[in-house]
There are 2 protein chains.
Amino acid sequence: MSNTTGGRRENGGKQTTMRDVALAAGVGLGTVSRVFSNVGSVAPATREKIEAAARELNFRPSALGRDLKRRTTNNIGLIVTDISNNFYGEFAQGVLATAKEQGRHVILCASGEEPETEREYIDLLVEQRVDGIIAFPTGHNLDSWRSARDLGINIVFADRELPDLDIPSIVVDNEAGARRLTEYLLALGHSRIGYLGGPSELTSGGQREAGYRQAHLDVGVAVKEDLVVRTRFTRDTAYASALRLLENPVPPTALVATNNVLGEAALTAIRDRGLSVPDDISLVMFDDVPWANLVEPPITVVAQPAWQMGQSATRMVLAADGEKVQPQTVKTEMVLRRSARPLHSSAPA
Amino acid sequence: MSNTTGGRRENGGKQTTMRDVALAAGVGLGTVSRVFSNVGSVAPATREKIEAAARELNFRPSALGRDLKRRTTNNIGLIVTDISNNFYGEFAQGVLATAKEQGRHVILCASGEEPETEREYIDLLVEQRVDGIIAFPTGHNLDSWRSARDLGINIVFADRELPDLDIPSIVVDNEAGARRLTEYLLALGHSRIGYLGGPSELTSGGQREAGYRQAHLDVGVAVKEDLVVRTRFTRDTAYASALRLLENPVPPTALVATNNVLGEAALTAIRDRGLSVPDDISLVMFDDVPWANLVEPPITVVAQPAWQMGQSATRMVLAADGEKVQPQTVKTEMVLRRSARPLHSSAPA
DNA sequence: CTCCTGATTGGAAACGTATCCAACAATTCC
DNA sequence: GGAATTGTTGGATACGTTTCCAATCAGGAG
């Protein structure tokens, strides 16, 4: 290939503006604007003249000028933890598709679950005057969120809720999801069920743990507190926590992981300890990521409708001003596969 | 939780501007600007007065006004195929991290490999006056690309090159990667090696196929043309193509898939046909996605350094104006695992 | 013929910022 | 003491657009 010269153009020249087009077409500036903003009325002949001149000059309207004048940007910010995680990827696909329908652009930010990074991103998005922000909040930076909201930016939280902030969120029914997974394991006869969950500051973490506990309560089985482990969502710490869980003097016979990062860590730890699923230990988790159905055995999961959540979040954040936006809770779906089996039985579940 | 009221604020009021701050601090507009753009000199006492006033008024500088005046946006566009695909996710993480270092924002677009969608996104990014665009091009819309480039937008292509466009790209050594995978299978004694690849219009597709063929040539084994299948990167068509390959009258004993979508399709098709890897058929592929190491057996792959490619692409697109940007080719790394075994042998490789 | 209505048009005034220029003050240098 | 330098400041102008207002024009009603 011959593209060795770089493809870079000197950007010194002025860009073509509506004024240039107006001059070339022999009309007034206002008329050109009316053509491109598709508002008001323009005589067909005039419109054609203008469009011809614009084509000739390779004119492209500038969103900068437009947005400055209109005081709205058509951009929304999306703050996820890690876009390489399939759950956030699916969610983002939902956001992108919905935003595109409405001619909106998406500014992507990855917080890495770091409050400081999140704060920087919030500031940047505020400066960019985005119309709205969709975020998986870290749970910190309450002041920044409040300030952004008070500046008139529509905000929607996903997956987690923040107290005292009066910002709507879209979450799944965490309690029910975790409860069903746990009930399922209990029904299979397990009574030492490990719980590998996220930080309890996050409402999703608290709710899932509550579901896990409620399931125990319902059938009168005591939760073994030393089998309840909360950890950050990074691969290394999650793996270490999973190992710790498995190294318990009396190890669990089943394990609930509350998202795909923790599930992957658990599976890896189980294998590294030379154990096998489901013969030595049953494993269930949140998030129906692709690998859940590719590994052997395929993992029983509670699926969150990530794409649809992205779609809903986008609709919420773009709701007409003045419209009340209600927080939303979506249902999870349990997908039974083969990663759990009855305790004290040699036949697979 | 009590956030049932919506968190929406009427946006009717004027926003606070530098003029307001200037008035409140009893200084001139220019001085306020100097404080926030951090250019020129401002007396410490004055600066403090201004910062106090700004804090008091909750002033946030507007990127719109700044960008309009400066004629640059600090935004770059990223056009991928599907952000829920781990390869693009990793790449995007690299882009985000690098962009953030330089205070840049990333506008994310997913083309779905559709030329029409790609064109719309290019237009939108041009209107947004992004400083640069990083794209996995579909191979179409040459005019749009040319036009964007001529408007002064820095463009970098990833994964694929486009002829006659003088736009730099960052690619992996596709030919070598595919050659090594194929050589490996040939060395294990396979001679009927299926090839499941992308459309040949894409240079990456052509180069990988060339590597596959070269490997055969090197050892004097003829390519079985009816085992060479090119397909689009959608799950359904890829799966159908994989099935077709397996249903060959004389089926292949090994398979090369040229990316993770095709690899997943191949693996699923193999299993659905009741075959097992590697006993019935060996499978190797491009892309070291997480599941490649979680399935049984773990898949031998050629890994593309997605994150680093994102980083490099971002550096290229943000290179100082006037600087020549050289196209870049990065090396792949072959990761041997257990998804291939010698033909005519009962011991695993 | 005049008045009125509606469609079409041109141009001025913002939107919020950066930057140039002139003005001024406080030093410093001879 | 005067001139030159340096640091600091205010204000006008421009960036590319939208939008308001007034003006023009064609044509129908009276």
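What's counted below: heavy atoms across the whole structure, side chains too, no hydrogens, waters or symmetry copies.
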B:Asp143 bridged to B:Arg146 by N-O distance under 4.0 Å: yes

Distance test, side-chain N/O of B:Ser41 to OP1/OP2 of D:dT8, below 4.0 Å: yes

Listed partners of B:Thr17 passing side-chain hydrogen bond (donor to acceptor under 3.5 Å, both in side chains), at least two apart: none

Sequence-aligned protein contact record of nucleotides 15-27 of chain C, with B where the base is within under 4.0 Å of a protein heavy atom and S where only the sugar-phosphate is: BBBBB--------

Sub-4.5 Å side-chain heavy-atom contact between B:Arg70 and B:Ser37: yes

Test item: side-chain donor near acceptor, A:Ser84 and B:Gln93, under 3.5 Å: no

Spacing of A:Ile50 atom CD1 relative to C:dT8 atom P, expressed in whole Å: 13 Å

Check: B:Tyr88 ring centroid to B:Phe136 ring centroid under 6.0 Å: yes

